[in-house]
Amino acid sequence: MLNPKTLSVFLLLWGVFTAFAQDRSATVTQILPQADFNNRTALVIGNGNYSQHPLANPRNDAEKMAEVLRSYNFNVLLKTDLGRRETNRAITEYADTVLKYPGVSLFYYAGHGVQYNNANYILPVDAVVETESDIEAECFRLSAIMNKVSVVKDGLNFTILDACRNNPFGNKLTGLPTGLTDQEPFPANTTVYFATAPNKVASDGENGHSPFTQSLINHINDTTEFVRIVKNVNKSVKQLTNGVQTPWYVGSPDEDFYFGKRVQPHIPDLYILAVGVSDYVGVMSLRYPAQDAANFYNVFKTQEGTLYNKVHPYLLTNEQATRNAVMQSINTIKKNAREGDVILVYYSGHIVSAEDNRSYFLLSDSKIDNVAITGIDQEQIVSLLSDFTCKSLLFIDGSGRSAGLSRDAAQRTISEFTAMGNNVVVITSTSENEYAYEGAQWNGSVFMRSLIDVLSGGADVREQKLIDVKALADFVVRDVRKLTSGQQSPVVYLPKGWKNFTLSKVTDALKKSRETEHIIMPARQK
C-alpha cells in the first residue's frame, strides 16, 4: 500500500501526465492538412417522401445536382429520403471526409426546412413534431452542420438550400415564421445560397425540378465564377416565377471559385463616366459641377497601365450632358465591358425630388416640370449598373437637399442589391435632407475635394499607395464631416455580401497632373 506521501507524489505526477496528454490531444485534433481546392467533397440530400406534405421533386433535384457535381470532380455523397439516424450518419461521413481531404466543401439540401428561434432546421422524413419544442430534438440545425466543416479555415465552404417550401406541419404549428432566416450566425468562411428570400416560400416546381435547382444546374459551367453564377441564377428564377421568387445569398467566398479549370486571371479594364452640369436653362445654374466631373475624369484617367489594362473614359459636361448622351454612354459601356472590369459613374449637378417620391438627375436638356421623363432616376442608374458583370461604383455629388438618397429609395436600393447579389456600391455626397456644399475654399464641391485628396496622395491612406474602396469611403466620410463641421455627411451603400477590392493606385502621373493643375485643386491647408 502507498503511504500518504507516496500517494501525493503519484497523484501529482498523474495530474501532470493527464494534463500533458489532454493538451497533446487537443493540439493533434487542431492540426489539419493544408486545404487543396482540388479536394472537392459534397453532401447532397433530397428529402421528399414525408408522411405528411410530401414533395415531388427533391429526389430528382438531388440526383441531378449530384450528377452535375460529379462531372466537376466532386466526391459526392448522395442521400435521399433520410430519417434522423441516416441523416446523422451522412453528416458525420461528410464532415470526416472534408477534414481528411480539406479543400472545397458543398452541402446541398432539397426538402422541407423551417426556422425556429431565429435558426434554420432541415427535416428528416421521419421527424415527429407535435410542438415547437420538438423541432430541436427531431430536426437538424443548419449551423451545426456547417460548423463541422468550417474548422477548415483556408477552405471554401458552400451551403445551398432549396428548402423554403410550404409549411410541413400544417395546422399544428401555425405560429412558426414562413420560410428560412438569414439572421442565423453562420461561420465566417461559409457562403449560404437560399432558394428564396428570407421569410418567403420557394416553389417545388411542376416539371420534375424546382425552378431554383433547375436554374442552378443550367448555369453551372466551366468558366463562370461562383458569384457570377449566383447572379445569373437569381435572374433566371425571377423570370421563371414571374418575380414571385428571388434567391438569396449570404456570405462571400475568400477566393474565387470555378467549377471547371481555374481560368487565367483577367486584368480588368476601367470604364469612367463622369457627368457634370453647371449651366441649366430654367433652373439656377451652378458654379462647379462641370469642373468637378472633369477632375474626376482626370484623376482616374491616369490609372491605365497600373491596376488596369486600359481606361475607357467618357466625359459629359454642360450642353454635352443630355439624357440621350448619358444613356448612350451607359449602353456603350455595357456592350464593351467584360466580367471583372470596373465601372465608375460620377454625377454632379442638380438632383430634385418628383411627385413619385423618387429623385432625378437633371441633365442640360431636362425640363423641371417633367423630370420623370427628361431627367434620370437615380435608382434607374443603379438598376442598369446591377445588370453588368462588373464591379461598379456610383458617386452621387448632387446639389441641394435632394442630393442624398431618401430612406425609401435607400431601402429599395439595398433590397435590390441583396437580391441581385451584385457588386454595385453607391457613395452619396450627403445624407438625406442635407445640403451638398461647394465653394472657393475647396475650388469645387467639398465631396470632390476629399475624393481627390485620397486618390492623388494628398492624404496618404496607405504606405503602399494602393487605395481600396473601403479605405476611400471611410476617408471621404470622415473628411467631409470634418471640413463642414458636421453639416454634411456622405453615405455609403454596400450590398450584402459585398467584397472589398483595390480601386486605384497613387501614381507619379496623378501627382504631376495635380501639381500642374490639370486637376484644379488647391493644396490642402495644413
Side-chain angles (χ1 to χ4, degrees), residues 32-48 57-82 86-111 122 140 142 145-163 186-187 189-195 209-210 212-233 247 249-263:
L32 297 171
Q34 178 102 19
D36 180 350
F37 290 171
N38 291 314
N39 294 332
R40 299 179 170 196
T41 305
L43 172 59
V44 176
I45 297 178
N47 285 345
N57 293 324
R59 186 186 187 102
N60 297 336
D61 291 335
E63 289 175 346
K64 187 62 178 178
M65 181 60 66
E67 178 185 331
V68 170
L69 292 176
R70 286 191 180 111
S71 73
Y72 288 107
N73 297 320
F74 275 83
N75 174 18
V76 179
L77 310 172
L78 171 62
K79 308 290 181 180
T80 57
D81 296 326
L82 298 185
E86 293 83 8
T87 303
N88 192 59
R89 287 175 181 166
I91 293 169
T92 300
E93 182 181 359
Y94 170 58
D96 288 348
T97 305
V98 172
L99 296 185
K100 187 175 182 180
Y101 304 103
V104 180
S105 67
L106 190 151
F107 173 52
Y108 169 89
Y109 174 78
I122 64 172
F140 289 85
L142 177 64
I145 300 171
M146 294 189 291
N147 285 335
K148 288 179 178 292
V149 296
S150 67
V151 294
V152 183
K153 300 299 182 186
D154 53 350
L156 288 176
N157 304 315
F158 299 96
T159 295
I160 300 175
L161 297 170
D162 198 353
F186 299 124
N189 60 331
T190 299
T191 298
V192 186
Y193 192 24
F194 297 91
H209 294 289
S210 76
F212 174 71
T213 295
Q214 184 62 65
S215 297
L216 185 60
I217 291 167
N218 289 344
H219 285 289
I220 289 176
N221 61 69
D222 286 19
T223 58
T224 304
E225 204 275 325
F226 181 80
V227 175
R228 185 65 226 171
I229 290 174
V230 166
K231 298 175 188 178
N232 294 336
V233 171
Y249 179 72
V250 179
S252 182
D254 292 334
E255 300 282 347
D256 290 343
F257 175 68
Y258 296 84
F259 282 89
K261 270 190 169 183
R262 198 158 195 161
V263 298

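Residues Ile229 and Leu216 have side chains in contact (heavy-atom distance under 4.5 Å, counting atoms from C-beta outward). Contact of the Leu77 side chain with the Glu93 side chain is registered, since non-hydrogen atoms from C-beta on lie closer than 4.5 Å. With contacts defined as side-chain heavy-atom distances shorter than 4.5 Å, the pair Pro58/Asn47 does not qualify. Side-chain contact between Lys79 and Glu86 is absent, with no heavy atoms from C-beta onward closer than 4.5 Å. Looking at heavy atoms from C-beta onward, Met65 lies out of side-chain contact with Asp162 at the 4.5 angstrom threshold.
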Chi angles and distances behind the salt bridge (Lys or Arg N to Asp or Glu O under 4.0 Å) call for Arg70, Glu67: CA-CA 5 Å; Arg70 286 191 180 111; Glu67 178 185 331; over 6 Å; no

Phe186/Thr191 under side chain to side chain contact (heavy atoms under 4.5 Å, CB included): CA gap, chis, key distance, verdict: CA-CA 8 Å; Phe186 299 124; Thr191 298; over 6 Å; no

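The closest side-chain donor-acceptor pair between Asn57 and His209, if any, does not fall under 3.5 angstrom.
For the ring-ring contact (aromatic ring centres under 6.0 Å, His included) with Tyr193, the qualifying choice from Tyr109, Phe107, Phe212 is Phe212, the only one to do so. Just one residue in the list Phe226, Tyr249, Tyr108 forms a ring-ring contact (aromatic ring centres under 6.0 Å, His included) with Phe158, and that residue is Phe226.
Side chain of Arg40 to main chain of Phe259: a donor-acceptor pair is present (N/O by atom type, distance under 3.5 Å, no hydrogens or angles). In this structure a side-chain-to-backbone donor-acceptor pair under 3.5 Å is present from Glu225 to Phe257. Between the side chain of Asn221 and the main chain of His219, a donor-acceptor pair closer than 3.5 Å is present.
Residues meeting the side chain to side chain donor-acceptor pair (under 3.5 Å) test with Asp154, sequence neighbours left out: none.
How far CG of Leu43 is from OG1 of Thr92: 10.5 Å, rounded to the nearest 0.5 Å. The CD1 atom of Ile45 sits 6.5 Å away from atom CD1 of Ile145, with the distance rounded to the nearest 0.5 Å.
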Solution key, residues 98-105 side-chain donor-acceptor pairs under 3.5 Å, sequence neighbours excluded:
residue	atom	partner	partner atom	Å
Ser105	OG	Asn157	OD1	2.6

